[in-house]
Amino acid sequence: MQPDLFENSSNDESVHPALNALHEKLQQLRQAIRRHDELYYVHSRPEISDAEYDKLFRELQALEQQHPDLVTPDSPTQRVGGAPLAQFKKVTHEFPLLSLDSEMDEESVLAFDQRVRRELGIEQVSYTAEPKYDGLSVELTYDKGIFVQGATRGDGTIGEDVTHNLRTIRALPLQLRPGKAFPAHVVVRGEVFMKLPDFHHLNRRLMEQGEEPFANPRNASSGTLRQLDPSITATRPLTITCYDFLSPGSGRPSTHFEAVTCLKTWGLPIPQFRRQCPSIQETLEFHREMFKQRDGLPFEIDGIVIKVDRFDWQQSLGEKSRSPRWAIAYKFPPRKELTKVRHIALSVGRTGALTPIALLDPVEIGGVTVSRASLHNVEEVARKDIRMGDTVKVERAGDVIPDVVERVPVPGEKRGTPFQPPTQCPVCESHTIQDGPILYCTGQTVCSAQLKGSLEHYASKGAMNIDGLGKKTIAQFVDEGLVRNLADLYSLRKEQLLELEGFAEKSATQLIEGIEKSKQAPLVRFLIGLGIRHVGSHIAKVLANHYGSLPAIQNATKEHLQEIHEIGPEIAASVECFFQEEQNLAVIQHMKKLGLRVQEIKKMSDRTGQPLTGKIFVLTGTLEGITREEARQKIESLGGRVTSSVSKQTDYVVAGKDPGSKLDRATQLGVTILNEEDFSLLSQGGNR
Ligand code: IVH
């Protein structure tokens, strides 16, 4: 199918003949700067000196200052603009951003290939292999070649609008390369990251200014991308690489490899290394080569990504709820270094668990300075027999807190005394008890460390998502005695916040508003927020779907809970125990008195029997009377599910205007195709 291609010949349309010369000059300068940006930031092949570049830039700035009405948003001068934001807007992704299953060894990769070949019924499958950049995934939208929106991954369905920050990334073109054909609307996927020299430079600068350095380049990228003030982002050197694009209603080349080549043609930065591999064997070779090169690269990669190359094959394989069945990450083994343990500290979490942390002589592991590593629990310290002064092997895998792997005996090294698990909590001095391998503080109601942890968890993104309520603020609330339990959050007043360091009228108002907003609490989020042992996001969903309301869950017995698929005896006991505890009930009661309303949802048992229960939908093309998101919500509220690619499992393809190749695929597979009217009838309860 021919894509609805668009040619970005020029963005500066002439308005009046008298202005032609000026327009031309502006356009010339902008094109020249864009070209030099690309040469410098994308290809690392500058053709002019910094001074010459600055001259061009200043010339453009001066002309634009004289003619502010001729400034276009995609002008290179407009990368940093706008006032700091109060908060990020939420963005619903046009296509869900999937994650990848990870494999650590060759055997598992061969098993992946075997499954792929079996499912496709094909002897040999070709792949594309690319480095797996260790950064943050983002989605970039270009309309008619102009960069209009950029968003973080978020939970894969809804991310945050970080357009203003992405605009500051010089490697990212604000305009696709003129003269090239590209889809009128295209969504590009990529990874934002920070090069190692830039990361070290940034950390040095932060320390000179008396600020905390970032633990690793990935944290630095994430902190920078989620900066509310774009002028700060602009001083922090992010870069980007793009690895895929999607565009509704228009064809793509037939392979992933070619698709990435298209990105390059449009002026977007793409992975520095990539390889089209005729079979899985060549991907293994690519992994070996990249592993050897890894330490010499100026950026962090934590493995390679292996993708089935042909799009029609990708479509046949389809996807699971969070990851495609046509791609995997083949990770590198974690990096290890030797260093010395200076001290073993204990950190108290929200459950009261005391986690021993090894404080280390700082050591560089893969470009990152490590000075703390987890020892997990007291039993592990005893088992590994780690003592102060010992030489140990420390391992760092990606973003997670480094691990002490083992003690390395050094001949002649004098050892300290064995680690003694404390009998008292280092924070509240309540006595400790050991449950299995873990040591717990028993001061649930008095321990400020547990309280801080519980509040942080309640307010966190995955739970109640209260903007502005982070670690630092929570510590202030607890240390000042303003908050003694979860319910106290809801009796905070603005005047109290204004007395605290770091709060001004605006920030105090915003936080109070954020807390107020959280009073309308979705059941699943609230359940996660309570921090009941063994109840994470998945089990919270299971409970909510089964019972529909908080009182119903509160009253459920262990026996009843256990009858639910996916709820075993341990979870059931933990849920029952939580809601039998008087103090927990009193806090929830108090929260309700202060205005908390935990929303009810329709129970799964009431949902079955509806026309869409268990049905899988794919949406393609533009729907006119309803947005994609509304259609998705409608389908889900009726028990159906929406996926992004057509496979044998698909029950219905809803085709709007200008449908894409998904429609062809549906026809091939004999999947029922609905137009918008059919869909509307079906979702109103009619049947087909
Ligand atoms: S493809 C559906 N390619 O790794 C395919 N991802 O663990 C999704 N990443 O969220 C991703 N380099 O942030 C792909 N060359 C690459 C990548 C890459 C880094 C990240 C990306 C993704 C995560 C998955």
Side-chain angles (χ1 to χ4, degrees), residues 93-104 108-109 112 116 127-140 150-160 162 166 171 187-195 216-219 221-222 225-226 238-246 252 255-264 268-277 283 286-287 290-291 293-294 297 299-311 313-332 397-400 643-645 647:
H93 297 303
E94 207 169 314
F95 308 93
L97 263 85
L98 298 176
S99 175
L100 290 172
D101 289 345
S102 293
E103 302 299 354
M104 294 300 296
S108 315
V109 174
F112 160 76
V116 164
Y127 296 94
T128 278
E130 291 162 359
K132 184 170 182 306
Y133 283 75
D134 195 9
L136 290 121
S137 54
V138 289
E139 179 186 79
L140 317 165
T152 60
R153 177 172 186 275
D155 63 5
T157 308
I158 299 177
E160 286 179 324
V162 287
L166 289 168
V187 176
V188 176
R189 295 281 163 78
E191 192 86 352
V192 167
F193 62 101
M194 200 177 278
K195 291 191 180 160
N216 54 47
R218 192 172 188 280
N219 283 6
S221 310
S222 151
L225 196 61
R226 301 196 66 259
L238 289 177
T239 188
I240 187 168
T241 189
C242 299
Y243 52 70
D244 204 3
F245 79 89
L246 300 130
R252 287 200 287 182
T255 63
H256 173 78
F257 195 86
E258 289 168 284
V260 176
T261 307
C262 283
L263 294 174
K264 186 176 170 196
L268 286 154
I270 62 164
Q272 195 180 333
F273 309 89
R274 59 193 187 118
R275 186 172 298 166
Q276 209 165 14
C277 302
T283 69
F286 185 75
H287 184 269
M290 290 314 303
F291 183 60
Q293 285 209 41
R294 169 198 207 188
L297 294 177
F299 49 85
E300 288 260 70
I301 59 174
D302 56 352
I304 65 164
V305 182
I306 304 175
K307 305 171 184 179
V308 168
D309 203 27
R310 279 176 50 167
F311 286 132
W313 288 350
Q314 288 188 2
Q315 275 194 329
S316 303
L317 291 161
E319 58 217 24
K320 297 184 276 183
S321 63
R322 282 161 183 240
S323 52
R325 299 167 56 79
W326 44 263
I328 47 164
Y330 180 11
K331 294 279 206 71
F332 294 144
D399 196 27
V400 294
T643 62
S644 60
S645 57
S647 72

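Keep in mind the model is a prediction, meaning the values are calculated, not measured. The analysis underlying the following values was restricted to heavy atoms, covering all of them including side chains, and did not include hydrogens, waters or symmetry mates. Each ligand, and each atom within it, is numbered from 1 in the order the structure gives.
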Review point. If you measure from the Lys or Arg side-chain nitrogens to the Asp or Glu carboxylate oxygens, is any gap between Lys307 and Asp244 under 4.0 Å?
Key: no

Quick check for students: name every N or O atom pair between ligand 1 and the protein closer than 3.5 Å, with distances.
from     : atom 1 : to     : atom 2 : distance (Å)
ligand 1 : 3 (N)  : Lys307 : NZ     : 2.9
ligand 1 : 4 (O)  : Lys132 : NZ     : 3.4
ligand 1 : 12 (N) : Tyr133 : N      : 3.1
ligand 1 : 13 (O) : Ser137 : OG     : 3.4
ligand 1 : 13 (O) : Glu191 : OE1    : 2.4
ligand 1 : 13 (O) : Glu191 : OE2    : 3.3
ligand 1 : 15 (N) : Glu130 : OE1    : 2.9
ligand 1 : 15 (N) : Pro131 : O      : 3.2

Check your understanding: Can Arg294 be said to sit on top of Phe332's aromatic six-ring, NZ or CZ under 6.0 Å from centre and within 45° of the ring axis?
Key -> no

Study note, to complete from the structure: Residues passing the side-chain contact (heavy atoms from CB on, under 4.5 Å) test with Glu103, sequence neighbours excluded, are Ser108, Val109, Ile328

Practice item. Classify the side-chain pair Glu130/His256 by whether it contains a donor and acceptor separated by less than 3.5 Å. Key: yes

Point to revise | Parallel, tilted or perpendicular, as decided by the 30° and 60° cut-offs, for the rings of Tyr330 and His287 | key: parallel

Check your understanding: Is it true that the side chains of Glu319 and Ser644 contain a donor and an acceptor less than 3.5 Å apart?
Key -> yes

